[in-house]
Amino acid sequence: MPLSRWSCPELAAELTVRGITDSISASTVRRWLREDALKPWQYRSWIFIRDLDFRAKAQRVLDLYARTYEGEPLRPDEYVLSSDEKTSIQARCRCHPTLAPGQARAMRVNHEYGRGGAVAYLAAYDVHQAKVFGRCEATTGIVPFMALVEQVMTQEPYASAKRVFWIVDNGSSHRGKKAIDRLAARFPNATLVHTPVHASWVNQIEIFFSIVQRKVVSPNDFTDLDQVRDRLRGFEDRYNATAQPFQWKFTTSDLDDLLARLDRHTLADRHQESSVALAA
């Protein structure tokens, strides 16, 4: 059947068509499914760790959060920046004005909107100073990312720092050894540190981007891109005025526990697969 999901009325009709039962209602099918142990319409996504250096890369990032690098404490003139891009922030101009909340009434945002374009928000977050540096660009890429680096590294205390570590994921704007060499060539005191593949969750800038999503972008109701840019810049100033460093609690010990649990699950899955193959 050309279906990935069935509705209860469809299942009831199919039971009748196949002659499994003479007549059955969709509500009966729904009751059976609710009571049954198997619920095939529910699913969880998963992914294998495929970065061979996962632990070493993750530990390097976690150590930087703990103010150490390659076993040595960071000096007072060494800094750690967490950086990434938040892509495609759209300006959606609602076709009817948003209705402010009232007594026993939530704010109402019209579903229809006109598209006013999209902007990329690039940011770098000093994880120990709790300071954000951001800029808006038409798109992401090497040139916009290096513009952000230039913006940060040409001002103090980073310009005269002994070392500035830039934690980034493996996006195309800053991927691989070429990106490491490019950054070092432009700023010899800057060191690019990659998170493991599929491990952006260890990058603290993602926490800041989640705050931006909740406090700035949602609901998306902007007249044009200039308003988006102004709102992002205004929020940046407001955030920097009172921000405190994130209370990062995931340590290398937690990382080892996580990897051990994954290994146990993987071993159990292999045993199960072997048992199924033998039974077949």
Side-chain angles (χ1 to χ4, degrees), residues 45-65 69 79-92 115-127 131-155 158 163-213 216-217 220 225 228-229 232-233 235-236 246 248 250 255:
S45 61
W46 56 270
I47 190 170
F48 281 121
I49 291 178
R50 61 183 181 88
D51 192 324
L52 299 179
D53 296 324
F54 187 95
R55 191 196 182 285
K57 291 179 180 179
Q59 180 179 357
R60 191 176 300 124
V61 173
L62 298 177
D63 285 348
L64 285 171
Y65 293 160
Y69 185 72
Y79 300 90
V80 180
L81 295 169
S82 172
S83 180
D84 200 6
E85 305 94 355
K86 185 172 177 60
T87 61
S88 191
I89 301 177
Q90 297 186 48
R92 296 177 178 174
R115 296 181 183 274
V119 68
Y121 181 51
L122 288 73
Y125 172 75
D126 188 320
V127 301
K131 187 171 183 179
V132 175
F133 306 87
R135 62 185 298 113
C136 293
E137 297 281 359
T139 185
T140 60
I142 294 173
V143 173
F145 175 71
M146 289 305 294
L148 174 67
V149 173
E150 189 88 18
Q151 173 184 331
V152 176
M153 295 298 295
T154 54
Q155 59 181 287
Y158 311 101
R163 285 188 298 186
V164 181
F165 298 94
W166 284 74
I167 298 173
V168 296
D169 62 16
N170 296 273
S172 58
S173 303
H174 32 65
R175 180 186 299 154
K177 190 174 184 306
K178 287 185 177 180
I180 295 173
D181 295 340
R182 186 186 308 117
L183 186 68
R186 179 66 187 89
F187 296 100
N189 64 335
T191 300
L192 203 64
V193 178
H194 288 101
T195 64
V197 176
H198 298 315
S200 294
W201 52 272
V202 299
N203 199 340
Q204 287 196 23
I205 191 64
E206 300 297 343
I207 304 175
F208 174 73
F209 282 158
S210 71
I211 297 171
V212 169
Q213 182 65 36
V216 182
V217 179
N220 191 310
L225 287 181
V228 176
R229 297 185 188 99
L232 288 168
R233 282 192 290 263
F235 177 75
E236 211 175 279
F246 298 128
W248 187 267
F250 192 85
L255 175 64

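Atom OH of residue Tyr125 and atom CD1 of residue Ile167 lie 11.5 Å apart, to the nearest 0.5 angstrom. One finds the CD atom of Gln204 at 10.5 Å from the CG atom of Leu64 (value rounded to the nearest 0.5 Å). Taking CZ of Arg182 as the start and CD1 of Ile180 as the end, the distance is 10.5 Å to the nearest 0.5 Å. Rounded to the nearest 0.5 Å, atoms CG (Leu192) and NZ (Lys178) are 15.0 Å apart. Of the inter-residue distances, the one linking Ser210 atom OG with Lys86 atom NZ reads 8.5 Å to the nearest 0.5 angstrom.
Residues Gly116 and Leu225 come closest through the heavy atom pair O-CG, 3.3 Å. Considering all non-hydrogen atoms of both residues, Thr140 and Ala120 come closest at CG2-CB, 3.8 Å. Between Asn220 and Arg92, the closest heavy-atom pair is OD1-N, 3.1 Å. Considering all non-hydrogen atoms of both residues, Leu148 and Ser83 come closest at CD2-OG, 3.5 Å. Across all non-hydrogen atoms, the minimal contact from Thr195 to Lys57 is O-CD, 4.3 Å. Minimum heavy-atom separation, Leu255 to Ala58: CD2-CB, 3.7 Å.
A heavy-atom distance below 4.5 Å is not found between the side chains of Val164 and Val152. Proximity of Val228 to Tyr121: side-chain heavy atoms (C-beta onward) are nowhere separated by under 4.5 Å. Put simply, the side chain of Lys131 does not reach to within 4.5 Å of the side chain of Tyr79, judged on heavy atoms. Phe145 is listed as a side-chain neighbour of Val168, based on a closest heavy-atom distance under 4.5 Å. With a 4.5 Å cut-off on side-chain heavy atoms, Glu150 and Phe187 count as touching.
Under the side chain to side chain contact (heavy atoms under 4.5 Å, CB included) rule, Val80 has a single partner from Val61, Val127, Thr191, Asp126, which is Val127. Across Phe165, Phe250, Trp248, Phe246, a single residue satisfies ring pair (Phe, Tyr, Trp, His ring centres under 6.0 Å) together with Tyr65, and that is Trp248.
When atom types are taken as modelled, the side chain of Gln155 and the backbone of Gln151 share a donor-acceptor pair closer than 3.5 angstrom. No donor-acceptor pair closer than 3.5 Å links the side chain of Asp84 to the backbone N or O of Asp169. At least one donor-acceptor pair under 3.5 Å links the side chain of His194 to the backbone N or O of His174. Looking at Asn170, its side chain never comes within 3.5 Å of a backbone N or O of Ala199 through a donor-acceptor pair.
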Problem set entry | Stepwise side chain to side chain contact (heavy atoms under 4.5 Å, CB included) check, Leu232 with Ile89 | CA-CA 10 Å; Leu232 288 168; Ile89 301 177; 4.2 Å; yes

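Using cut-offs of 30° and 60° for the angle between ring planes, the Tyr158 and Phe133 rings count as perpendicular.
For the salt bridge (charged side-chain N to carboxylate O under 4.0 Å, His left out) test, residues two or more places apart in sequence or in another chain that qualify with Arg135 are Glu137.
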